[in-house]
Amino acid sequence: MAKDHNEWERPLRELEENLQKLRELAKKEQDSDKRSSLSDRIQDFEARRDRYIDVMYSNLGPWEKVLVARAQKRPYTLDYIQALFNDFVELEGDRRFGADHAIVGGPATYDGRPVMVVGHQKGRNIQDRQYRNFGMAKPEGYRKAIRLFEMAERFRLPVITFVDTPAADPGVESESRGISEAIAASMLKMFELTVPTVSVIIGEGGSGGAIGIATSNRVLMLEHSVYSVIPPEGCAAILWRMPERGADAAKALKLTAQSALEYGLIDEIITEPKGGAHRDLVEVSQAVKASVDRHLEALLTLSPTAVKTDRYDKFRAMGNVLG
Amino acid sequence: MAKDHNEWERPLRELEENLQKLRELAKKEQDSDKRSSLSDRIQDFEARRDRYIDVMYSNLGPWEKVLVARAQKRPYTLDYIQALFNDFVELEGDRRFGADHAIVGGPATYDGRPVMVVGHQKGRNIQDRQYRNFGMAKPEGYRKAIRLFEMAERFRLPVITFVDTPAADPGVESESRGISEAIAASMLKMFELTVPTVSVIIGEGGSGGAIGIATSNRVLMLEHSVYSVIPPEGCAAILWRMPERGADAAKALKLTAQSALEYGLIDEIITEPKGGAHRDLVEVSQAVKASVDRHLEALLTLSPTAVKTDRYDKFRAMGNVLG
Amino acid sequence: MPLRPTISFRVGVSYDVLSNRASTSGGAFLQCSNCKKIIFSVDFEQNLHVCPYCGHHHRLSARHRLAITVDADTFVEHDADLRSGDPLIFPDYPEKLSAAETKTGVHDAIVTGLAEIESLPVSIAVSDFSFMGGSMGSVNGEKITRTLERAAEKGIPAVIFCASGGARMQEGLLSLMQMAKTTAAVERCRDAGVPYISIFTDPTMAGVLASYASVADVILAEPKSLIGFAGARVSKQAGVSKVPDDFQTAEFVHSHGMLDRIVHRKEMRSTLATLVRILGSGARQKGSS
Amino acid sequence: MPLRPTISFRVGVSYDVLSNRASTSGGAFLQCSNCKKIIFSVDFEQNLHVCPYCGHHHRLSARHRLAITVDADTFVEHDADLRSGDPLIFPDYPEKLSAAETKTGVHDAIVTGLAEIESLPVSIAVSDFSFMGGSMGSVNGEKITRTLERAAEKGIPAVIFCASGGARMQEGLLSLMQMAKTTAAVERCRDAGVPYISIFTDPTMAGVLASYASVADVILAEPKSLIGFAGARVSKQAGVSKVPDDFQTAEFVHSHGMLDRIVHRKEMRSTLATLVRILGSGARQKGSS
Ligand SMILES: [Zn+2]
Ligand SMILES: [Zn+2]
């Protein structure tokens, strides 16, 4: 069982490194015959690389989805904002305690339409990851989100949220300042909104931390993203007292987009580029856009009251109850 | 210039101490003649005491009003709640950071009518004063008040606030957590309410800390309470660089209930018992009740929209502008 | 802070008139799991399962809680027949459910219905920690949601006693969605102008704390209850900051502004009655006009 | 952090086309009050009175601020004739007012009116610290209130540049009531669905910070501005806790969540334009439909 995406993609990375070396050799090679032979080998390697990607990504198991969803190279919220939005003005204050960097948000235009965009943000290098608290928002983050949701309501801006967090911050400070209340209040605020809301799970949909900003009219999931009530390692620790059995827990938890759709908990799966979202930001952004557009269009035909009712009815129906 | 109410009332207190001694003597005295003579002297002392109170309190200057308003024996918010309300359930959380004890509040019944009551609370002994932070609320206090105002609106409860604070807490922590925002947001919330609101300045109406919970449809002031944009000592320090000239500043600032009424900034002055509110809690409570009742009755005839407009128009008219 | 089932399960003479459970043991004495003192069973019952020595509030079953909270003979149970499915076909879940049913005699970790408190009607839900740690799966979510919806529809206050370790892992994402569903139902109460009072009892954790429990109009708690988002172990690992002695107790949560009052069990019923009467007055007027 | 009038009053060639003040001095060089470096006047003007060496944002007059913020020739002043009375007959107040009028050429510490930013109409107010420390008395309160009311009535965004030491002591309780009045007017904007953006410039303090300034939908600030409730001396006395180095700076306030962005003067106009365009879209649609 691979521990992370990096380890899991190692064979592929080695293939690509070899490929790169061949290309450099070919570039330097003067002899035309040898160059032609190198070219053949390059084509062969490229084909193998493509087949490898096909095989690896065509039938990802739940644990592999977890690895891909957590991949350090995976596009994050600000990448999608950069790709799909204009005029983004990040607003940072919660007006209570602090400026949280694990949730970003603010007004922007989307296809020329004024909207409010909010999302978890992970960091890509060591400093940035610390600055973003590994995408784990504190109460301040959710209270900022609440402010932005209120603003969206006041100015009739549709809301788009990007969900990508391992969990809400579980530290002592977050407990002290009411992380539970902040998450619950954020959900409650979203249910009060009469403007349309669309959420996209782009990576890790980690438990309460995720749903805190994901109670939208439409919830879409990227093909290889995951959404779970508990991290698989935590589940394995409880079930078998063996965190290392995360892969088994991932399977038991049915945390894939495909399962979520099957249980009627999300509205659509957004297909990722071949080999995962991290291989083509442009393509995945356009796929996200196409899906968001379609759902937003539909929601924009509803009256404010109908928007709220639609959202209530959607979540009201969730559950599996006998008798 | 007396520094505090204790010092200012010293002659009176000495008179009362002598009176008390005479009474004890009289009680022990066996000889009927001597007892009769003591009784005369007691009556004489009582008359002098009453005259003294008359003279001291009949024509209080602004600085003396400041001393009386700050008197440690003066009835505080919880005294009025105890005297005039039933079923008070104090609700303590701001749902953000902490439980502030310089502002108290919660639902209660008043004349059998469900209401929301909120007020500053000072402490009477050393520990209590620290517990109450000398009546200086932190951001948590105002945010708790906001919660209670929202609850009042949701459940259609008229709001009664008691105002009695030297100032909002000016410390580093309060700045860090946005004391300014908290005060402003509390005023804003009060302006949003469609339930009637009545405020009573019972002691010190200290600047922003006071007005944070005093933007009501009706604002009443006890006869010897004060209401000021700045503490007189602070004003004197700025004007003359002499904080000890507080008495002069008090005069310049026109901080008495009488001036506030004259400038049209409050709606009514509530007469205090002879010698000040601290001499008769029952009497002053009944006077407060009579005034609050009258204004509340009038406000309860207004529609929710009219209540809000009434409040806006009231404060809209305040100011002195030429040209 | 005891997290294991408490002494109350060993109680002989049951005060709990509504209980489905047979009163088996006949022991006249029992031992407080907190202070270890020996208590006369009758005293323990009369003291509402609060230790007369150390004041520890021992956990109550849902039926027992109802009995000491609502007016006698007013509780009408709703949705008693709802049972959990096994949507994920999760390892050992059906077995765990059966065991819990056998142990507690109920179908899931919560009892809901209509009742009166000091003659005022309420829609009430009471969680039961003894059923799989009071965890919230689809049944719990559905019953809480219906409790809140009933309150909104009837224009009466909602009262919810929380006692839960959090979401029910065995129902996966369906369980997480109960956080959303129950919170949405709170919005219904707000729209209807009916008050919603939640009471944190020992323990109130994680997915329950981070959803319907924390967005009540008024939040009360029993003394010393364990209340928190993450397991204390997780919190300690995550934060570099020192962990306060009273971390994740009702007292800690209270001092941080997240709840309104800590109420002794003996005063809970009267406090609820007062709140229901005052805060519910607006909705009653609307209903009667 | 310089609190005294800055170098900008010694500027020779005035960029400030709207200014009432005569451009007198002909000095070609001046000295930054923060880093003490010598700056070529023309550079200083072109750099919008931001020191090219240390980045210090020197204070601007209201007229100058308007000139660099709104579209040329779009500003229409309102309520220019409002003047302070002396309601309390406060020691030396009339003299102070006259002196300030003479010095600044305006009647009070604020200029208000209608204008356009990138062709979008706004109701705008700009405080001027050079008039009695930008203090808020009745005139200030009235002009802010009218600015917000105009925004609400016309369905256009309100933009307010704050620069004030706080309430104007010399008008006593009348001055305190301006906190209430201006905050009430913010509620009018909320009801009308028009956005309100406030900008904290150096300094934004006390009664202004604790009223209309802090309840804007969006709050921006210029770098290093002094922003606080109480004088730093008072805060230090009051709290036992250590005072951070950056206490009461824009950066401190920002890190504590009380404002949304610190914006360099050069980017202020474009940031405002974007916000006005996006947040005002709802009100514009309502207005046009
Ligand atoms: Zn015990
Ligand atoms: Zn410089």
Side-chain angles (χ1 to χ4, degrees), chain A residues 136 167-192 205 207-212 214-215 227-230 234-235 238-240 248-249 252-255 259-260 263-266 308 311-312 314-323, chain C residues 81-88 90-92 107 137-139 141-142 145 167-169 171-181 183-188 190 206-207 209-215 228-231 234-244 247-248 252-253 256-258:
Chain A
M136 299 189 297
D169 180 79
V172 173
E173 281 194 44
S174 286
E175 288 274 4
S176 304
R177 297 196 295 272
I179 184 68
S180 301
E181 191 279 342
I183 288 172
S186 181
M187 286 194 288
L188 185 62
K189 180 54 68 184
M190 289 190 88
F191 281 114
E192 287 176 18
S207 193
I211 198 154
T215 49
Y227 200 0
S228 182
V229 69
I230 185 171
C235 177
I238 294 172
L239 274 187
W240 306 295
D248 296 328
L253 285 167
K254 306 248 192 315
L255 46 58
S259 291
Y263 288 107
L265 306 179
I266 63 164
K308 196 169 152 182
R311 196 184 300 117
Y312 189 84
K314 172 196 178 73
F315 285 92
R316 182 68 188 85
M318 293 179 185
N320 177 277
V321 174
L322 309 177
Chain C
D81 51 339
L82 298 193
R83 286 182 301 117
S84 292
D86 180 16
L88 271 57
F90 198 93
D92 303 330
H107 287 320
S138 297
V139 170
E142 182 67 23
T145 302
R168 186 172 293 172
M169 190 176 71
E171 296 188 21
L173 197 56
L174 284 157
S175 163
L176 188 69
M177 291 305 135
Q178 305 310 309
M179 288 175 66
K181 181 163 106 176
T183 303
V186 174
E187 222 282 299
R188 284 281 157 112
R190 297 222 167 166
L209 188 67
S211 65
Y212 65 87
S214 284
V215 285
F229 178 66
V234 177
S235 302
K236 283 173 197 177
Q237 283 172 345
V240 284
S241 46
K242 260 190 13 195
V243 178
F247 187 59
Q248 291 188 336
F252 173 86
V253 173
H256 285 86
M258 299 304 148

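Below, chain A is the first sequence line, B the second, and so on; all start at residue 1. Any value given below was found using the heavy atoms of this structure, including those in side chains, with hydrogens, waters and symmetry copies removed.
Heavy atoms closer than 4.5 Å to chain A are found nowhere in Asp92(C), neither backbone nor side chain. The contact between Met258(C) and chain A is made entirely by side chain atoms (from C-beta outward), counting heavy-atom distances below 4.5 Å. Residue Ile230(A) touches chain C through its side chain alone, counting heavy-atom pairs closer than 4.5 Å. Contact annotation for Tyr312(A): only side-chain heavy atoms (C-beta onward) come within less than 4.5 Å of a heavy atom of chain C. Heavy atoms closer than 4.5 Å to chain C are found in both the backbone and the side chain of Ser207(A). Heavy atoms closer than 4.5 Å to chain A are found in both the backbone and the side chain of Ala185(C). Of the two parts of Tyr212(C), neither the backbone nor the side chain holds a non-hydrogen atom closer than 4.5 Å to a non-hydrogen atom of chain A. Contact of Ser84(C) with chain A is made through the backbone alone, with heavy-atom distances under 4.5 Å. Interface remark: Ala168(A) contributes backbone and side-chain atoms alike to the contact with chain C (heavy atom separation under 4.5 Å). Only the side chain of Gln178(C) comes within less than 4.5 Å of a heavy atom in chain A; its backbone stays farther off.
Note: Leu188(A) leads Ile179(A), Asp248(A), Leu239(A), Leu188(A) in heavy-atom pairs under 4.5 Å with chain C. Among Ala167(C), Gly228(C), Ser175(C), the residue with the largest count of heavy-atom pairs under 4.5 Å with chain A is Gly228(C). Comparing Gly85(C), Gly172(C), Ala184(C) by heavy-atom pairs within less than 4.5 Å of chain A, the highest count is held by Ala184(C). In terms of heavy-atom pairs under 4.5 angstrom with chain C, the leader among Arg177(A), Lys308(A), Met190(A) is Lys308(A). Contacts with chain C were tallied for Leu253(A), Leu255(A), Thr215(A); Leu253(A) has the most, counting heavy-atom pairs under 4.5 Å. Comparing Cys235(A), Ala214(A), Gly205(A), Ala185(A) by how many heavy-atom pairs each has under 4.5 Å with chain C, the most go to Cys235(A).
Within the 3.5 Å criterion, the main-chain N or O of Ala182(A) finds no donor-acceptor partner in the side chain of Ser186(A). Distance alone, capped at 3.5 Å, is enough to place a donor-acceptor pair between the Ser211(C) side chain and the Gly207(C) backbone.
Taking CG of Asn320(A) as the reference point, atom CG of Leu88(C) lies at 9.0 Å (rounded to 0.5 Å). Here the CD atom belonging to Glu173(A) is positioned 9.5 Å from the NE2 atom belonging to His256(C), to the nearest 0.5 angstrom. The structure places CZ of Phe247(C) at 6.0 Å from OG of Ser176(A), a figure rounded to the nearest 0.5 Å.
Taking 4.5 Å as the limit, some side-chain heavy atom of Leu82(C) sits within range of a side-chain heavy atom of Glu142(C). Between Tyr263(A) and Leu174(C), some side-chain heavy-atom pair lies under the 4.5 Å cut-off.
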Q: Could you check Lys314(A) against Lys181(C) for side chain to side chain contact (heavy atoms under 4.5 Å, CB included), going step by step and ending with a plain yes or no?
A: CA-CA 9 Å; Lys314(A) 172 196 178 73; Lys181(C) 181 163 106 176; over 6 Å; no

Q: Step by step, work out the side chain to side chain contact (heavy atoms under 4.5 Å, CB included) result for Met177(C) and Phe315(A).
A: CA-CA 7 Å; Met177(C) 291 305 135; Phe315(A) 285 92; 3.9 Å; yes

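Salt-bridge formation is detected for the pair Glu192(A)/Lys189(A): a Lys NZ or Arg NE/NH1/NH2 atom is positioned less than 4.0 Å from an Asp or Glu carboxylate oxygen.
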